[in-house]
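Have a look at the structure below before the remarks.
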Amino acid sequence: MTESIAFRLPQNVVCSLRPMSIILVRDFPLKSIRLHTLWEPAFKILSSGQFIPLSKLQIHCPLINPEKIEIFFYDLVRKGFLEQKGNSTLTDYPFISIIIPVRNRPDEIKACLESLLLLDYPADKLEIMVVDDASDDHTPGIVKQFDVHLISLKTNQKAPYCRNLAAGKAKGDFLAFIDSDCTADTKWLSHLIEAFLDPRVGAVGGRIDGFFKTGRLDRYEEVNSSLIIGTHIKRSSDTNKFFYVPSCNLLVKKDLFLALGGFNPELLVGEDVDLCWRIQNAGSAVEFRPNGTVFHRHRNKLTSFCKRRFDYGTSEPLLQKLHPDRKKQFYFPAGGLLFWCLIFLSFSISPDLIFFCPAVILADSLVKYIKTA
């Protein structure tokens, strides 16, 4: 591959080169890692604090496989010990099948398909598949205006079924899922596909940004959407059993997807969570990369917004039943619990007591501070 990617040590990471090892210490949150001395030549130049091109780092580590060097440095970025600039550019692009389920969304699917035509990815390595889920408007006619593979259903089967159907007919080695109410950034696929350079990765997702920017709910979703995973590279682990990436921005190895049976068609919400958990159970990692972006038309009317949040909540008991090893626990901070108990108590006895609640919580905090000082 050719590349324009570079790495450097962040200002909050100290590198200590010792005779038998290399120690990296991150000051906040406090974390340290010990590396083999084979990496010493690379970290000598990284200690300058400047961005060093990956190609130069590979030259300084001739005893290590170049691809493993890139994977290793990405691991350090994910753990907060390195910063990354730029992205790798593949010379041999894999074939990707993009799958979009749609029902009665003519304007949205038109915008989605138009964005996919602008992708910075070789056109001969792309296949776009649209599954029309028994639309009763002119959605199929809009799709036929584009050079895509259209699969039309006679009865409404819902998105998980549609995705599975297309996956079974897909030609690609990788499946890219995007929803009909989303548009893709031009670098969407080129930024995410490089995650599979690490053979441990079975699926990867990117950032889901808001399509609308004007209303109050738009601004809320921009920073607090349930679809926001974070701002840094993350990966599933044994200590984070609940990690997942949403299906409206998801790339998966096709062989792995088919081997696991795809999405659970019985789940109308939470099917992406279930799939990601099954991928992890099968021994593969699920990764999040914030630079592979799609723009989602969030529900920005209060009624539809609340209904969608309610729908998300209904998936919890189903997921708990399917994954009993991933039972969630709810923690109630003592101070917060005391505060709300006093609030309810004050209303039942006398509303005037409500003014004493903040004083009680402040006193509790002071006592804790004095004990730890």
Side-chain angles (χ1 to χ4, degrees), residues 1-7 51 53-55 66-67 70-71 73-74 77-78 83-100 102 108-130 143 145-149 166-167 170-198 201-211 213 227-234 245-254 286-297:
M1 75 170 57
T2 59
E3 47 77 27
S4 56
I5 190 172
F7 299 93
F51 277 107
L54 174 63
S55 55
E67 289 188 359
E70 182 171 358
I71 292 171
F73 283 138
Y74 263 119
V77 170
R78 185 164 41 83
E83 290 179 348
Q84 164 199 346
K85 181 176 72 172
N87 289 89
S88 299
T89 303
L90 304 178
T91 55
D92 184 19
Y93 287 86
F95 198 105
I96 300 178
S97 296
I98 303 174
I99 296 174
I100 317 163
V102 64
E108 291 88 342
I109 191 64
K110 183 175 186 291
C112 179
L113 293 175
E114 286 175 342
S115 74
L116 296 179
L117 294 179
L118 301 175
L119 286 175
D120 181 18
Y121 200 89
D124 61 338
K125 294 296 183 74
L126 278 181
E127 171 188 41
I128 301 175
M129 308 180 72
V130 178
V143 176
Q145 297 175 11
F146 295 85
D147 184 17
V148 301
H149 181 189
K171 299 175 183 177
D173 298 315
F174 295 89
L175 307 174
F177 297 101
I178 185 172
D179 283 356
S180 58
D181 58 352
C182 294
T183 58
D185 180 78
T186 56
K187 300 285 187 179
W188 173 47
L189 292 183
S190 57
H191 279 171
L192 290 184
I193 195 64
E194 66 183 43
F196 295 105
L197 292 172
D198 187 341
V201 175
V204 61
R207 177 173 171 80
I208 300 168
D209 208 347
F211 183 88
K213 307 287 185 180
L227 300 178
I228 293 178
I229 305 300
T231 57
H232 303 286
I233 295 177
K234 296 181 181 180
V245 290
S247 57
C248 61
N249 186 353
L250 173 66
L251 273 66
V252 189
K253 292 178 178 177
K254 185 179 76 171
V286 177
E287 186 161 296
F288 167 77
R289 294 197 172 200
N291 50 5
T293 306
V294 302
F295 303 91
H296 179 241
R297 295 173 185 258

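All residue numbers refer to positions in the sequence shown, counting from 1. What's counted below: heavy atoms across the whole structure, side chains too, no hydrogens, waters or symmetry copies. Worth saying up front: this structure is predicted, and the values here are computed from it rather than measured.
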Has E114 got a side-chain atom pairing as donor or acceptor with L116's backbone, closer than 3.5 angstrom?
no

Atom CD1 of I96 and atom OG of S190: how far apart are they, to the nearest 0.5 Å?
9.0 Å

Going by heavy atoms in the side chains, are L189 and L251 under 4.5 Å from each other?
yes

Any heavy-atom pair between the side chains of I178 and W188 that's under 4.5 Å?
yes

I need the minimum non-hydrogen distance between S97 and G172, along with the two atoms involved.
OG-N, 2.8 Å

Counting distance only, does the side-chain N/O of K171 pair as donor-acceptor with the main-chain N or O of E127 below 3.5 Å?
no

Quick check for you: to the nearest 0.5 Å, what is the distance between H232 atom NE2 and Q84 atom CD?
12.0 Å

On a heavy-atom basis, the closest approach of T183 and S115 is CA-OG, 3.6 Å

One should read off an interatomic distance between E194 CD and R289 CZ, to the nearest 0.5 angstrom, of 5.0 Å

D147, CG atom: more than 12 neighbouring heavy atoms under 6.0 Å:
no

Would you say the side chain of Y93 lies within less than 4.5 Å of the side chain of L126, judging by non-hydrogen atoms?
no

Is there side-chain contact between K125 and D92, with heavy atoms separated by less than 4.5 Å?
yes

Quick check: closest heavy atoms across K254 and A170, and the distance to 0.1 Å?
NZ-O, 3.0 Å

Mind telling me whether F174 and F196 have parallel, tilted or perpendicular rings, with 30° and 60° as the class edges?
tilted

Looking at side-chain heavy atoms only, is the closest gap between N291 and R207 below 4.5 Å?
no

Atom of L119, atom of A184 and distance for their closest heavy-atom approach
CD2-CB, 4.1 Å

I'd like to check I128 versus I100 (side-chain heavy atoms, cut-off strictly below 4.5 Å). Are they in contact?
yes

Please round to the nearest 0.5 Å and tell me the distance separating atom CZ of R297 and atom SG of C248.
13.5 Å

Is any side-chain heavy atom of I5 closer than 4.5 Å to a side-chain heavy atom of F73?
no

Side chain to side chain, D198 and Y74, heavy atoms closer than 4.5 Å
no

Nearest heavy atoms of I71 and L197, plus distance in Å
CD1-O, 3.4 Å

Report the distance from atom OG of S247 to atom CD1 of I99, rounding to the nearest 0.5 Å.
11.5 Å

Taken to the nearest 0.5 Å, the spacing of I109 CD1 from D179 CG works out to 9.5 Å

Donor-acceptor pair, N249 side chain versus T293 backbone, under 3.5 Å?
no

Derivation of the salt bridge (Lys or Arg N to Asp or Glu O under 4.0 Å) call for K187 and D185:
CA-CA 5 Å; K187 300 285 187 179; D185 180 78; over 6 Å; no

Heavy-atom nearest pair, F146 first then K110, reads CZ-O, 3.9 Å

